[in-house]
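I have placed the structure first, in the form of structure tokens, so that the comments after it can refer back to it.
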Protein chains: 2
Amino acid sequence: MKVARRDPSAFAKRFLPELTVDVVLLSVGDDGRLCTLLSRRNEAPYKGAWALPGVFVGRTETLESAAARALRDKAGIANVFLEQLFTFGDLQRDPRGRVLSVAYYALVPKARFFAATAEIADAAIALLTIPSGDERSGAIHADSAEGRRMKLAFDHDRIIGMAVQRIRGKLNYAPIGFELLPDRFTLLDIQHIHEAVLGRTLNKDSFRRKMLASNLIEDTKQRQIGSAFRPATLYRFKKQEN
Amino acid sequence: MKVARRDPSAFAKRFLPELTVDVVLLSVGDDGRLCTLLSRRNEAPYKGAWALPGVFVGRTETLESAAARALRDKAGIANVFLEQLFTFGDLQRDPRGRVLSVAYYALVPKARFFAATAEIADAAIALLTIPSGDERSGAIHADSAEGRRMKLAFDHDRIIGMAVQRIRGKLNYAPIGFELLPDRFTLLDIQHIHEAVLGRTLNKDSFRRKMLASNLIEDTKQRQIGSAFRPATLYRFKKQEN
DNA sequence: TGAATAGTGTCTATAAGACAATATCCC
DNA sequence: GGGATATTGTCTTATAGACACTATTCA
């Protein structure tokens, strides 16, 4: 089925594509909206448009290492939840030639997101508007903090859209929302994360019940401080017993 | 961020991996077990071991076209549900060198599966044993029709395992089970498909209720024939209104 | 008619949504 | 104490599982 790599005749005919990794770094801002980090391109193609942080994959690194390197070099962020999303290989996705992109998505609490991304030149935070699951119409929109629509390079709108669809799906069966929260959080904090990801409001009572019954979080016996009213209990994500 | 393709200095340094597509063609046999098609390798590495149908990706075909070509050429099957699964890029996954594999999974009704695969030389049907979701222990096993354990080449055990995990997850929110059924089927047929995929038995009453309430299937007003008892109503998958 | 499975009706347990009542904090 | 939100308790409704009962076919 496969031919030994050093067979020169087969090797000559073989197509070797260029390979990049692009990362959708997601967080949830104070306004309860999903946001991601984009870099402005200052060369063609798509000069002036906004692109996801990405790198070419090196010879001696895995796909995941390359994604982590993209995050570190282009977003100043390390040690976050990082998972493969999808591989984009359309023939015309890059006008320069055939370039495949293995897309990853990463999740990070807002404090780390805003602290790290504030340092990056030519980068900006994009507030995302994504049609909710039941709506067929409408594309992804990325807006700057000032409210300007950001034009996306390549097929990065599709990549971002798929990242959001993916975490929406995973939210229901994987403890993924906690990756977007700091160590200690209130029940309402988790609910806001879920609402931001799902793009719709949730019933508070049943959300609380389900979360408390999930065995995923534990009471820290601490209370929120600085609130002008009754402070909420702080919970933390429970390390899973193996 | 990215450099123009024709820039010779950047191009020279760039790593161009070899790229294959492998397909997990899944069906459910008469015994209610998940099964897939494997080919025996007759060259090193993994000579004599069993591998998924796969091809190298050509210069002018998309990843999905390559996957469809692998299915057509190596399994004699076309026009089936086909979806990207994951991209495997570990450094050591192929002892000959760095070869990436974009894995796909395909679903086909058992009649087509067995009719097509009977014609393929050096191929065999593997009956799969996959640990259910809550069990952490245990790896994927592939057994021949005669009950012999089949040794899998490369990381194809991981690929198959991930394919099964994926369809298990999708079964709950996507009308994916119908891809494993013929045009007309009984409610019990669908249940058997779900049980095979999930690897556990389901409650008949609530499965029927949920399926009938789902608006995914419609009564054909036909009955099953040839049964030695009361024949079940035949349903068909309802084409979704757009 | 009997065997065997299809399909219906109903009861119960559990989970979700609604909402009132009470608790706790800061000012 | 007043304002505001957290937290608890309870009622109602929807859904899942259990199970008994009826229906239909072939031998």
Side-chain angles (χ1 to χ4, degrees), chain A residues 30-32 132-134 168 171-175 177 181-182 184-238, chain B residues 30-32 132-134 168-169 171-173 175 177 181-182 184-238:
Chain A
D30 287 316
D31 57 353
S132 45
D134 40 353
R168 279 183 184 167
L171 204 54
N172 293 319
Y173 65 89
L181 287 169
R184 318 238 152 165
F185 48 81
T186 69
L187 286 171
L188 201 53
D189 289 336
I190 324 178
Q191 183 173 348
H192 289 325
I193 293 293
H194 280 240
E195 289 177 336
V197 170
L198 298 175
R200 62 191 175 86
T201 58
L202 297 171
N203 181 284
K204 181 174 169 177
D205 301 285
S206 72
F207 185 85
R208 287 177 73 89
R209 260 191 307 231
K210 203 157 44 168
M211 192 55 64
L212 288 170
S214 73
N215 203 31
L216 290 173
I217 61 174
E218 60 187 3
D219 194 332
T220 65
K221 309 292 183 194
Q222 293 179 317
R223 296 304 182 88
Q224 203 176 24
I225 55 173
S227 64
F229 39 79
R230 175 174 176 177
T233 303
L234 289 171
Y235 292 84
R236 74 176 149 225
F237 181 61
K238 206 166 164 181
Chain B
D30 287 315
D31 57 355
S132 45
D134 39 353
R168 278 183 184 168
L171 204 54
N172 292 319
Y173 65 92
L181 288 168
R184 317 239 153 166
F185 48 81
T186 69
L187 285 172
L188 200 53
D189 289 336
I190 323 179
Q191 184 173 347
H192 288 326
I193 292 292
H194 280 240
E195 288 176 338
V197 170
L198 298 175
R200 62 190 176 86
T201 57
L202 297 171
N203 181 284
K204 183 174 169 177
D205 302 282
S206 73
F207 185 85
R208 288 177 73 88
R209 259 190 309 229
K210 203 158 42 169
M211 192 53 66
L212 288 170
S214 73
N215 203 31
L216 290 172
I217 59 174
E218 61 187 1
D219 193 333
T220 66
K221 309 293 181 194
Q222 294 178 318
R223 296 303 183 88
Q224 203 175 25
I225 54 173
S227 64
F229 40 79
R230 174 173 177 177
T233 302
L234 289 172
Y235 291 84
R236 74 177 149 224
F237 181 60
K238 207 165 164 181

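All values below were derived from every heavy atom in this structure, side-chain atoms included, with hydrogens, water molecules and symmetry-related copies excluded. Note that the structure is a prediction, hence the values are computed from the model and not measured. Lettering follows sequence order; numbering is per chain, from 1.
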Check: How about A:Arg208 and A:Leu187: do any of their side-chain heavy atoms sit closer than 4.5 Å?
Finding: yes
Checklist line | Whole-Å gap separating P (C:dG7) and CZ (B:Arg223) | finding: 6 Å
Note to self: Side-chain N or O of A:Thr233 versus OP1/OP2 of D:dT7: is the shortest distance under 4.0 Å?
What the structure shows: yes
Check: Hey, is the side chain of A:Arg230 pairing donor to acceptor with the base of C:dA23 inside 3.5 Å?
Finding: yes
Note to self: Can you tell me whether the side chain of B:Arg209 and the base of D:dG17 have a donor-acceptor pair closer than 3.5 Å?
What the structure shows: yes
Notebook entry, point to check: Which whole-number value in Å describes the distance from A:Arg208 CZ to C:dG17 P?
Noted result: 15 Å
Checklist line | Atom pair distance, as rounded to whole Å: OH in A:Tyr235 and P in D:dA6 | finding: 12 Å
Notebook entry, point to check: Quick one: does A:Thr186's side chain have a donor or acceptor within less than 3.5 Å of a partner on A:Thr233's backbone?
Noted result: no
Checklist line | Residue pairs fulfilling ring-ring contact (aromatic ring centres under 6.0 Å, His included) with at least one residue in residues 184-211 of chain A, sequence neighbours excluded | finding: A:Phe178-A:Phe185, A:His194-A:Phe207
Checklist line | Which residue lies more 5' along DNA chain C, comparing A:Gly226 with A:Phe207 via nearest heavy atoms | finding: A:Phe207
Next item on the list: For B:Lys204, report the nucleic acid contact type (base, sugar-phosphate, nothing); a contact means any heavy atom under 4.0 Å.
Entry: sugar-phosphate
Checklist line | Minimum-distance nucleotide to A:Phe229 side chain [options: C:dG7, D:dA4, D:dT7] | finding: D:dA4
Next item on the list: Choose from C:dA6, D:dA6, D:dT24 the nucleotide whose nearest atom is closest to any side-chain atom of B:Pro231.
Entry: D:dT24
Check: How long is the span from the CZ atom in B:Phe237 to the CG atom in B:Leu216, to the nearest 0.5 Å?
Finding: 6.0 Å
Check: Rounding to a whole Å, what distance do you find between A:Ile225:CD1 and C:dC25:P?
Finding: 13 Å
Next item on the list: To the nearest Å, give me how far apart CZ (B:Arg200) and C1' (D:dG17) are.
Entry: 13 Å
Check: Which of these nucleotides, C:dA16, D:dA16, D:dA6, is closest to any side-chain atom of B:Ser206?
Finding: D:dA16
Notebook entry, point to check: Does B:Arg200 pair with B:Glu195 as a salt bridge, N-O distance under 4.0 Å?
Noted result: no
Next item on the list: Name the nucleic acid region contacted by B:Thr186, choosing base, sugar-phosphate or nothing; use a 4.0 angstrom heavy-atom cut-off, strictly under.
Entry: nothing
Next item on the list: Would you indicate what A:Ala228 reaches in the nucleic acid, counting non-hydrogen atoms under 4.0 angstrom: base, sugar-phosphate, or nothing?
Entry: base
Checklist line | Length of the CG-P vector between A:Leu188 and D:dT8, whole Å | finding: 14 Å
Notebook entry, point to check: C:dG7 P sits how many Å from B:Lys221 NZ, rounded?
Noted result: 12 Å
Margin query: Tell me the interatomic distance from B:Leu187, atom CG, to C:dG7, atom P, rounded to whole angstroms.
Written below: 6 Å
Note to self: I want to confirm an ordering. Mapping B:Lys210 and B:Asp205 to their closest nucleotides on DNA chain D, which one lands closer to the 5' end?
What the structure shows: B:Lys210
